[in-house]
Structures are given as C-alpha cells and as structure tokens.
Amino acid sequence: MKLWQDKIRKVVPYVPGEQPKIKDIVKLNTNECPYPPSPMVEKAIKEFDTKELRKYPSIEFTELKAALSAYYKVGSEQLFLGNGSDEVLAICFQTFFNSDKPVLFPDVTYSFYDVWCDLYNIPYKRVPLDESFNIIPSDYYGENGGIVIANPNAPTSVYMPLSSIEDILEHNKDVIVIIDEAYIDFGGESAVSLLDKYDNLCVVQTYSKSRALAGMRVGYAMSNKDLVFALEAVKNSFNSYPLDSIAQAAATAAALDTAYFDECRNKIINTRQRLIAELDKLGFTTLPSFANFIFTTYKNRNAKPLFEYLRSKGVIVRYFNKPRIDAYLRITVGTDSETDRLLAEIKNFIG
Ligand SMILES: *Cc1c(COP(=O)(O)O)cnc(C)c1O
C-alpha cells in the first residue's frame, strides 16, 4: 500500500470494443464504417502542406464550419467542434449538467454516460426502457438536472421519432437536453430541425461512423449560440486546440463530398436490411434498426456461446454481459462479403 494511495483519483473507465491485431478477421464490434473515407479525404491529406504543422491549428475552423453550416443549415456560431464526439459529449456533460438533481438517461444506452457522470460528480438516474426497448417520453417529465438520449439508441439501434423528442423538450424547458446522434445518418431524422424552436436542445454528431473517419477523431455539437459560448469557455479552460490541422482538412473534404457519403450510407442500409431478413429466416429476432449495427437475439438465449464461437472463427461482434441485454449481440453492418461470412458462421453454430 503506497502512502499516497488515498489521495489519488480512482475512476472506473469506459471500455471500448477491442481492436484485435489478428489478420483476416471480420471486425463487426465497434460500428466503424466498412468502407474507406471519401477519395477527397485521401487527396486532402496527400496535398496537406506539412510545413503548416509548425503552427498551432486554426481555432476558428473556418472551412470545416462553413461546410457543416451549409450541410445542416445552421450558423457557424451554432457549431462546437471537438476531438471526436466523445470529447464533445464530455464537455457538454461538464458544462450543462451542473445541478443537484439527477441527470436522466435510459437504463440501456451508451455506457460512457454514467462514466462521465461519475468523473464529474454529476448525480444521475437510469430510466428503464419499455419491454421493446423503446424510450417513453413521459418517463422524462419529472424534475431532473438534464437529459441525454442517444437517437438511435446504442446498443439497441432503436430510433425515437422527432415528435417524441419534441415532447421531452417541451416538458424540460428548464434543463438542457442532449441528443447524441452518432447513428442518425442511417435512416433517422436529425433533431437539428428543432434547434430554432428549443433553446434547451443540443445535438451531438460524429464523423466516426457514417463518414468513415473514426481514426481522425472529429465530432461536433449543434445548438444555439449561448450554449455554444458556454461550451467554448469550458473547452478553453482545458484544451484550446482540440482538432489538429490534418483532421480539419480531412473532415472538410469529407463534409463536401455528399455524393460519396450518400452512396456509402445507402449501401450500409441495404446490407443491414438483407442481414436482418437472413437472420429472421434463421430464427433470430432483431430490433428495428436505424443504425449501422443491429441488435439481435437467438430465441432469447444467452448470447455468450454464439459470441465466443464467432470469435473463434475470426468474426468479432459485441456481447454485453449486462442485465436485460445478455441474450443479444450487437453486430456492426459490414460489407456484403463480411455479412456473408458472418451469416455462414452463424448457420454453422446453430446447425
Ligand atoms: C461511437 C459513439 C460515440 C462517439 O464517437 P466518437 O468516435 O468519439 O465521435 C458517441 N455516442 C455514441 C452513442 C456512439 O456509439
């Protein structure tokens, strides 16, 4: 026992899906895009003038903000950028959840939310989803210190219509409601359209999933200028330069190539529907997915044996040893050939 033991901060961290170094695996465990980023990203990085790295990156994010503003039809003063949406969300928690009342989020959701609450000493309460893993808006009417909802939710892939989000916003005008839209590009409708109507709304998105830039770390929040100002103040008390110069150039190129973006997400949506249909024939039950992953169960049996079998065959998916969801696997939608391999191994397993 070290003498300083009781002085150091102890936290239980978020555990991301593994990044195995094994060759020829089918990696369907962290919801990355199975396709490369836009060719324009490659061009931007190749043409990047390395002499620029001598200088600190721009903190105005002029080009990137212009591209995002044009796409989402929001003002550049409504955008807050960060080093991945995990960083953006962490800063949102620190900035917006500053109350003695508990922050609310679903009992089954992104497992970083309770980690940030613990890290920043924010009280929180998990609100149970219904039996079909739906969020019930009226469960969020009571007094609280803020709300965070992933839409579509993770790891369930279930989407909540904008009318329900509006219902929650309408009943919570005295707190900030964060909508984490990491997967919104795979079939849902963004809550960005509600920003003009609700000044308590903050929408967070990422370039890690639908834009194939997980390794570049680009995320952003969209809100009103007052909340963005508050976020900037907290961020500038921590790190003034979250997005490096190369990431800014790459993300700008990705943002401008909307045709490639649409092509990729449509391919993923098509493969997802085929995967769900095939699993259906094999006797699986899959939740309705609006994401680039599915949440599926084989006859409600514990999913660990299937998870381990797939892993032994080089197909890596995600299993959560947690109440309510241990009969399910979360499987990222890969390419068509990855999906074929996954389905073949599942068939082998169930015989
Ligand atoms: C992947 C994910 C994020 C974070 O992604 P970044 O790579 O940090 O941008 C945030 N929220 C949810 C629900 C996610 O699944």
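One-based numbering, in listed order, for ligands and for the atoms of each. Excluded from the calculations below are hydrogen atoms, water molecules and symmetry mates; all remaining heavy atoms, backbone and side chain alike, are included.
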Self-check item: side-chain hydrogen bond (donor to acceptor under 3.5 Å, both in side chains): pairs with one or both residues in residues 151-162, sequence neighbours excluded
Solution: T109-N153
Exercise. With side chain to side chain contact (heavy atoms under 4.5 Å, CB included) as the test, would you mind laying out the steps for D86 and Y110 before giving the verdict?
Key: CA-CA 11 Å; D86 283 339; Y110 190 37; 2.7 Å; yes
Quiz item: Can you pull the salt bridge (Lys or Arg N to Asp or Glu O under 4.0 Å) pairs that have at least one residue in residues 2-12, sequence neighbours excluded?
Solution: none
Self-check item: side-chain hydrogen bond (donor to acceptor under 3.5 Å, both in side chains) against K27, all qualifying residues, sequence neighbours excluded
Solution: Q19, N29, T30, E32
Quiz prompt | Derivation and outcome, side chain to side chain contact (heavy atoms under 4.5 Å, CB included), residues L227 and F80 | solution = CA-CA 9 Å; L227 292 185; F80 175 79; over 6 Å; no
Between the protein and ligand 1, are there any N or O atom pairs that come within less than 3.5 Å of each other, and if so, what are their names and distances?
residue: ligand 1; atom: 5 (O); partner: S85; partner atom: OG; Å: 3.3
residue: ligand 1; atom: 7 (O); partner: S208; partner atom: OG; Å: 2.6
residue: ligand 1; atom: 7 (O); partner: R217; partner atom: NH1; Å: 2.8
residue: ligand 1; atom: 7 (O); partner: R217; partner atom: NH2; Å: 3.3
residue: ligand 1; atom: 8 (O); partner: S85; partner atom: N; Å: 3.3
residue: ligand 1; atom: 8 (O); partner: D86; partner atom: N; Å: 2.9
residue: ligand 1; atom: 8 (O); partner: D86; partner atom: OD2; Å: 3.2
residue: ligand 1; atom: 8 (O); partner: R217; partner atom: NH2; Å: 2.7
residue: ligand 1; atom: 9 (O); partner: S85; partner atom: N; Å: 2.6
residue: ligand 1; atom: 9 (O); partner: S85; partner atom: OG; Å: 2.9
residue: ligand 1; atom: 9 (O); partner: T206; partner atom: OG1; Å: 2.6
residue: ligand 1; atom: 9 (O); partner: S208; partner atom: OG; Å: 3.3
residue: ligand 1; atom: 11 (N); partner: D180; partner atom: OD1; Å: 3.3
residue: ligand 1; atom: 11 (N); partner: D180; partner atom: OD2; Å: 2.7
residue: ligand 1; atom: 15 (O); partner: Y183; partner atom: OH; Å: 2.5
residue: ligand 1; atom: 15 (O); partner: K209; partner atom: NZ; Å: 3.1

Exercise. Scan L201, I147, L104 and name whichever one has a side chain to side chain contact (heavy atoms under 4.5 Å, CB included) with I168.
Key: I147
